[in-house]
Each structure stands twice: as C-alpha cells, then as structure tokens.
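Here is the naming used below: chain letters follow the sequence lines, and residue numbers restart at 1 for every chain. The analysis underlying the following values was restricted to heavy atoms, covering all of them including side chains, and did not include hydrogens, waters or symmetry mates.
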Amino acid sequence: MAAKQNQENLPVVLVYRRPQFNLPHRNRLSRHFILLDPADSQEPTSSFLSTYAQSVRALLCVGYSTITSETLSLLPSLELIVACSAGVDHIDLQECHRRGIAITNASVAFAEDVADLAVGLLIDVLRKISGADRFVRGGLWPVMGDYPLGSKLGGKRVGIVGFGSIGSEVAKRLVAFGCSIAYNSRRRKPSVPFPYHANVRGLAADSDILILCCALTEETHHMINEGVMTSLGKEGVIINVGRGSLIDEKELVQFLVQGKIGGAGLDVFENEPDVPKELFSLDNVVLSPHRAVFTPESLEALIDLTSANLKAFFSNKPLKSLVEIEL
Amino acid sequence: MESIGVLMTCPPNFPYLVEELEKRFTLYKLQNAPDKTHFINSHKNSIRAVVGNAGFGADAELIEQLPKLEIVSSFSVGLDKVDLPKCKEKRIRVTNTPDVLTNDVADLAIGLMLAVLRRLCESDRYVRSGKWKKGDYKLTTKFTGKSVGIIGLGRIGMAIATRAEAFSCPISYYARTEKPDVKYRYYPSVIELAANCQILVVACALTEETHHIVNREVMNALGPKGVLINIGRGPHVDEPELVSALLEGRLGGAGLDVFEDEPNVPEPLFGLENVVLLPHVGSGTVETRKAMADLVVGNLEAHFLKKPLLTPVV
C-alpha cells in the first residue's frame with residue numbers, strides 16, 4: 001500500500017527501559033519509528049543519551065524505569081513521555097511540568113483487567129476462595145467437615161478511592177452484584193452517579209469495603225493510615241490494585257494480625273517483591289504478585305495504545321491518554 | 001409444639017438452625033446416633049418432620065420408616081436427595097430454600113471464573129511460598145469479554161448472567177425449552193452450547209435427565225481453552241472423565257464447588273494449577289445460612305400451625 005519508507009524519514013523514539021524489561025512490540029513500532037535503545041548499546045546510558053538523543057522528542061518508557069530530572073536534563077528536545085504503565089509515579093512529574101513535557105499513560109488499556117482482578121480479590125476475601133481451596137487441597141474436608149462461613153457481597157457498601165478509568169470499571173461490575181457505591185477522588189466528578197466523599201476517612205466510615213484505584217502521589221502516599229482503617233472498622237475489607245505505598249503497610253499488618261480489620265486483597269506492596277511474612281499465615285488475606293494488568297489481551301491493548309499515542313504525537317493530533325498532572 | 005419430633009438427617013453443624021429448631025420442637029439428630037436404625041425405630045412415632053440439606057435428605061427407605069412423617073423441610077434449594085415422587089404419593093409436604101441463596105451462589109460462580117482465569121489461588125500460593133522474590137508470575141487470561149454459556153437459566157442462572165454481563169461477557173444458555181422473554185442466545189443442546197462458549201457453567205437442578213449432563217463429549221467440545229464451572233451438583237459432571245480431560249489438557253480449566261462423593265475430591269486434581277476446588281460453599285455466608293435457617297423453621301411452623309407454607313415444592 002504505502003511507498004517503501006526511507007529510514008531517515010521516520011520519527012525517532014527513545015526507548016527507555018531497564019535491561020530486564022523487554023520491549024514486546026519492537027517489530028511493530030520499527031515499521032513506523034526509528035527506535036533508539038540505550039539498553040542495546042555497551043555505552044553507559046548518560047553518555048549514550050548525550051551523544052545520540054539530543055534531538056529526541058518522544059520517549060517510550062517501558063515498565064517502571066524511573067525517569068529523574070537528571071535523565072530529563074540529557075534530553076533537551078523532549079516533548080512527550082509515553083508510559084507503558086497505569087501509574088506514573090516513577091517519573092519526575094514536577095520537572096516534566098516545568099519543561100512542558102506531556103505524559104501519556106496506559107490506564108485505559110489495562111482498566112478492565114485491573115477491575116477484574118479487584119473484583120476477583122474482593123470475592124476471594126469475602127467468600128474465602130483461596131483459603132477454602134487450600135483447605136480442600138490439604139485433604140482437610142473429609143477430616144474437618146464444613147469450612148467456616150464467609151460474608152455476603154450483595155448489599156455491601158463499597159468505597160472506591162480514585163474514580164478514573166479503573167475505578168469506574170470496578171464500580172460498573174460491583175453494581176451488578178448489588179453493592180452500593182461511593183467514591184473519593186481529588187475533585188467531585190459531576191458525571192459520576194454515585195455519592196462523593198471529600199476525604200477518604202469519611203468514605204471509610206460509610207463503607208464496608210475500600211477499593212484503591214488511584215495514583216500514587218505525595219498527597220496519596222500512606223493515605224490509608226490508622227485513622228482510615230479504624231473508621232472502616234473490624235469487618236472492613238481493603239482491596240489494593242493501585243500502589244503499595246497508598247497504604248501504611250506496617251499499620252495494615254498490625255490491624256490484620258490483631259483482627260482490627262476484616263481482611264485484605266493486595267496486588268501491590270510497598271517494597272515488591274517483599275511481602276510482610278506476617279500475612280502468610282492469615283486466611284482473611286489474599287496476595288497477588290502485582291499481576292493486575294498481565295493478560296495477553298491487555299498487553300495487546302497496551303501495544304495498540306502506546307503506538308497510537310506516538311503516531312498522534314508525530315502527526316500533531318490529540319494524544320489518546322494524556323495524564324493530567326496535579327502538583 | 002415441643003412435643004413435635006423433627007428428625008435432622010444432616011450433620012447438626014449450624015448452631016443457629018439447631019437452636020431455633022430446639023426452641024420449638026424436639027430435635028432428633030440422626031448423625032449423632034451410634035446406631036441409626038435403632039435410633040429411627042425408637043423415635044419413629046414422634047417424628048413428624050425431617051430437616052435435611054444438600055447432602056442428606058429423605059430417601060424412600062427413610063420415608064417408609066417414618067409413619068407419622070408429614071413434611072420434609074430442606075436446608076437447600078436442590079432436592080435431589082429427597083424422593084419427591086414418594087413424598088407426593090404419601091402426601092408429605094416438601095419445602096426448600098429458594099431465592100435467599102441465589103445471589104451468594106451466583107457471586108461464587110463469578111468468583112470461581114475469576115479465580116480460574118486469573119489464577120488467584122495459584123498466585124496467592126506463589127507469593128506465600130516466596131517464589132515472587134525469584135521472578136514474576138506468568139501472564140494469566142483476561143476474563144472481561146469471554147463468552148459464558150449457562151446450563152439452566154433459572155434464578156441462579158439468570159443471576160450469573162446479570163453479573164457476567166457487567167464484565168461484557170456475551171451470554172448463551174441451554175434449557176429444556178427456549179425462554180421467550182430472554183435476550184440471551186439459546187442452544188438446543190449442551191454440546192452445542194459448549195462448542196460455542198469459553199466458560200460453561202452448570203446452574204440447573206439435578207434430576208435423572210441432568211445426571212452427567214456434562215460428559216466427555218461436552219468437555220471435548222468446550223476444549224483446551226475452555227473452563228467448566230460447577231455450582232450445581234457433583235453428579236451433573238462425569239467426574240472421572242473430568243479428571244482425565246484436565247490431566248490430558250483436553251479441558252482448559254475448572255472451578256468446582258461440588259463433587260460426586262463429597263467430601264471426597266479426586267486427588268489428581270490437587271496438583272493442577274488450572275483448577276479451583278471449594279468444599280460446597282455456594283450458599284456459605286453467615287447472612288444467607290441464617291436466612292435459609294429462618295425459611296426451614298418458618299416452613300415447619302407454618303405447617304404445624306396449619307398456615308400456608310412459605311416455599312413449598314410438593
């Protein structure tokens with residue numbers, strides 16, 4: 001269809017990744033862009049960037065490779081960072097804002113899968129699916145008889161923290177199970193049909209379940225603290241598919257071990273892959289190794305979205321998933 | 001009513017139900033008796049009601065041994081353990097616990113789908129065993145958008161459909177006859193349904209016709225990427241065939257809350273990461289079991305007070 005493209009005419013995209021993170025869509029991207037990848041070279045990254053990346057306008061950030069202000073200072077022409085994750089807390093947002101560098105993320109590509117996992121973790125915690133599966137596999141059913149009863153999901157009050165693409169997909173699913181929904185986010189969203197709470201503690205006081213779907217920022221760091229967990233109460237359940245540091249993890253462990261909270265489903269932790277070992281002996285906790293997004297379908301969607309953002313940028317069209325940075 | 005004898009044929013494991021029955025009746029606990037035949041013989045003239053559950057009901061033999069039996073009140077919605085024709089013949093009333101457990105069973109069906117496709121139990125084990133420190137867990141399979149085929153579109157089947165729709169799952173079903181007001185796609189046979197969906201869920205009653213309704217051919221039709229969810233009764237599925245289909249990779253995975261010979265579960269399943277095994281907990285929440293118990297007691301009270309039964313089947 002198209003005329004054979006001259007390599008020199010293709011726009012350049014800097015691929016920024018730690019060597020262990022692979023670029024799954026290299027071939028597809030190479031058809032439309034020249035990929036500059038410091039990880040392919042023997043040179044140390046900073047000298048590579050100084051030599052080759054001075055006129056680079058777009059950067060594709062793979063995985064959670066941190067982008068500091070030092071790195072940014074080596075890229076004077078940079079106008080766009082395309083992140084391959086939902087969270088952008090690994091990027092120096094302040095510096096990007098100062099330089100006018102736009103950032104796109106991948107929440108939209110992942111939202112359904114993350115929401116599925118959040119709901120799955122919630123049903124697992126309430127109905128003790130993983131615990132009961134362990135019970136059966138351990139040969140305990142014939143020996144010990146009935147497994148302890150779980151807790152009904154229908155009619156529970158769910159508080160969603162962060163009502164972006166992920167939070168709204170979670171709400172849509174839980175409504176079908178007969179849950180009532182309320183939410184907290186930076187600002188009230190007029191198009192959202194659920195009650196808004198201006199602070200998380202108020203939301204927790206009115207909820208049986210908290211589901212964390214928001215970005216990690218300075219403001220939201222340890223937002224789930226002792227006060228919020230106390231407000232949620234002894235029967236309360238927390239599901240975290242955001243970032244580990246949204247929760248004061250040490251406090252959470254204490255609350256769980258002491259029975260001051262009903263249970264937790266966690267896909268993320270403060271210091272992955274380390275998980276507090278006190279959690280391993282608890283049956284009211286379900287642990288997931290940060291896999292909320294990882295299905296083949298969502299990776300395809302990620303490839304589509306990041307390619308689309310890059311194409312839009314280079315043809316001066318509106319970006320697909322621009323992140324609104326609030327400082 | 002204290003002089004009315006009620007025979008509990010199931011294990012007396014739910015304190016609330018036992019207490020509420022003992023407040024109103026003389027409760028005979030069959031499972032606690034060292035000699036069950038002798039026990040029944042000693043009390044047969046005072047026993048006017050039987051309380052059973054999914055695992056223990058009232059078969060023809062028992063019914064014959066209880067000359068004063070007037071009502072069987074089951075702590076379950078399924079009545080495959082109650083000899084319904086015999087009850088009809090002897091004009092014995094039968095009640096069950098519909099509706100109160102519909103949502104919990106449907107919730108669990110979706111929970112099993114998510115647990116199997118997203119490998120929730122397996123990845124929980126992965127973290128607990130310390131394996132995450134050595135490397136990331138693999139990709140799992142997306143649930144949203146997968147096609148769901150439902151065998152039996154009664155209360156529970158419909159509740160499963162409503163929930164799956166919130167995950168954008170296209171829904172199809174098999175039932176004895178097509179339902180006119182239903183927007184889901186109908187298939188006139190289970191094997192066609194299985195061939196045309198990715199997740200097949202058993203949600204019908206267990207009868208002679210539906211025994212082994214999921215057999216080898218159905219499992220082959222569902223296929224190596226297909227997942228079977230059973231929240232009905234163990235005998236709906238040909239269990240030895242299920243085990244070999246899973247071991248041989250002809251079936252992609254299974255989420256099972258029920259088995260042919262509970263509490264015994266085929267051990268070859270214990271080592272499989274594409275199955276989730278639950279000890280018949282479909283209605284197992286505090287809230288629902290209490291509501292079920294209230295129905296059991298309420299039906300018995302209504303009967304002995306000569307009022308209309310709350311949830312009669314016979």
Side-chain angles (χ1 to χ4, degrees), chain A residues 112-113 115-117 119-124 126-130 132-143 145-155 169 172-178 265 272-275 277 279-281 285-292 294-299, chain B residues 11 13-14 103-104 106-108 110-115 117-121 123-145 162-168 262-265 267 269-271 275-281 284-289:
Chain A
E112 290 173 335
D113 280 303
D116 287 356
L117 197 87
V119 174
L121 286 173
L122 178 58
I123 301 178
D124 194 329
L126 287 178
R127 300 298 300 273
K128 305 182 189 297
I129 294 180
S130 289
D133 177 86
R134 274 196 291 278
F135 177 79
V136 173
R137 279 174 205 254
L140 296 175
W141 193 10
V143 173
D146 290 342
Y147 193 70
L149 295 179
S151 175
K152 189 178 166 89
L153 174 58
E169 291 289 337
K172 176 179 149 202
R173 283 153 177 71
L174 289 178
V175 161
F177 289 82
E272 295 167 17
D274 291 328
V275 174
K277 49 186 185 321
L279 300 180
F280 294 170
S281 53
V285 174
V286 179
L287 306 167
S288 168
H290 202 155
R291 290 275 97 185
F294 287 103
T295 65
E297 294 89 340
S298 69
L299 290 187
Chain B
N13 288 345
F14 188 38
N103 289 328
D104 272 355
D107 291 352
L108 197 80
I110 303 290
L112 279 170
M113 292 180 202
L114 284 161
L117 268 77
R118 299 300 298 271
R119 296 290 193 266
L120 292 181
C121 308
S123 46
D124 177 275
R125 269 189 284 277
Y126 190 80
V127 176
R128 282 173 204 252
S129 68
K131 291 201 182 108
W132 192 16
K133 298 207 197 192
K134 309 217 178 91
D136 283 337
Y137 192 69
K138 59 185 180 185
L139 295 189
T140 58
T141 306
K142 186 170 182 147
F143 173 57
T144 284
T162 317
R163 284 153 176 73
E165 281 192 296
F167 295 81
S168 309
E262 296 171 17
N264 300 307
V265 174
E267 282 190 30
L269 297 179
F270 291 177
V275 309
V276 173
L277 308 167
L278 298 180
H280 203 153
V281 293
T285 66
V286 171
E287 298 92 329
T288 292
R289 289 287 167 84

Requested in this report: State which residues pass ring pair (Phe, Tyr, Trp, His ring centres under 6.0 Å) with A:F177; sequence neighbours excluded, sorted by chain then number.
Outcome: none
Report task. With a 4.5 angstrom heavy-atom cut-off, could you sort out which part of B:S129 is near chain A: side chain, backbone, both or neither? Result -> neither
Report summary line: Between the CH2 atom in B:W132 and the CD atom in A:E272, the distance rounded to the nearest 0.5 Å is 4.0 Å
Query - Separation of B:S168 OG from A:R173 CZ (nearest 0.5 Å) - result: 6.5 Å
Query - Any A:F280 side-chain heavy atom under 4.5 Å of B:V127 side chain - result: yes
Query - Heavy-atom contact with chain A under 4.5 Å, split by part of B:R128 - result: both
Query raised in the report: If you round to the nearest 0.5 Å, how far is CG of B:L277 from CZ of A:F135?
Result: 12.5 Å
Query raised in the report: Does any heavy atom of chain A fall under 4.5 Å from the side chain of B:L139, the backbone, both, or neither of them?
Result: both
Requested in this report: Not counting sequence neighbours, which residues clear salt bridge (Lys or Arg N to Asp or Glu O under 4.0 Å) with A:E112? List them please.
Outcome: B:K142
Report task. Compare all side-chain heavy atoms of A:P289 with those of B:D136 and state whether any distance is below 4.5 angstrom. Result -> no
Query raised in the report: Between A:G120, A:G145, A:G155, A:G178, which has the largest tally of heavy atom pairs under 4.5 Å with chain B?
Result: A:G120
Query raised in the report: Do the side chains of A:T295 and B:T141 get nearer than 4.5 Å, heavy atoms only?
Result: no
Report task. Tell me, for A:L299 versus chain B, whether the close heavy atoms (under 4.5 Å) come from the side chain, the backbone, both or neither. Result -> side chain
Query - Pairwise distance CD1(A:I129) to CG(B:D107) - rounded to 0.5 angstrom - result: 9.5 Å
Query raised in the report: Do A:R127 and B:D104 come within less than 4.5 Å of each other through their side chains, counting heavy atoms only?
Result: yes
Requested in this report: Could you tell me the separation between the OG1 atom of B:T140 and the CD atom of A:E297, rounded to the nearest 0.5 Å?
Outcome: 8.5 Å
Requested in this report: Report yes if some heavy atom in the side chain of A:D113 is under 4.5 Å from a heavy atom in the side chain of B:R118; otherwise report no.
Outcome: yes
Query raised in the report: Closest approach of B:L269 and A:R137, non-hydrogen atoms and distance?
Result: O-NH1, 3.8 Å
Report task. Under 4.5 Å heavy-atom distance to chain B, tell me which part of A:V175 shows up: side chain, backbone, both or neither. Result -> neither
Query raised in the report: Where does B:K131 contact chain A at under 4.5 Å (heavy atoms): side chain, backbone, both or neither?
Result: neither
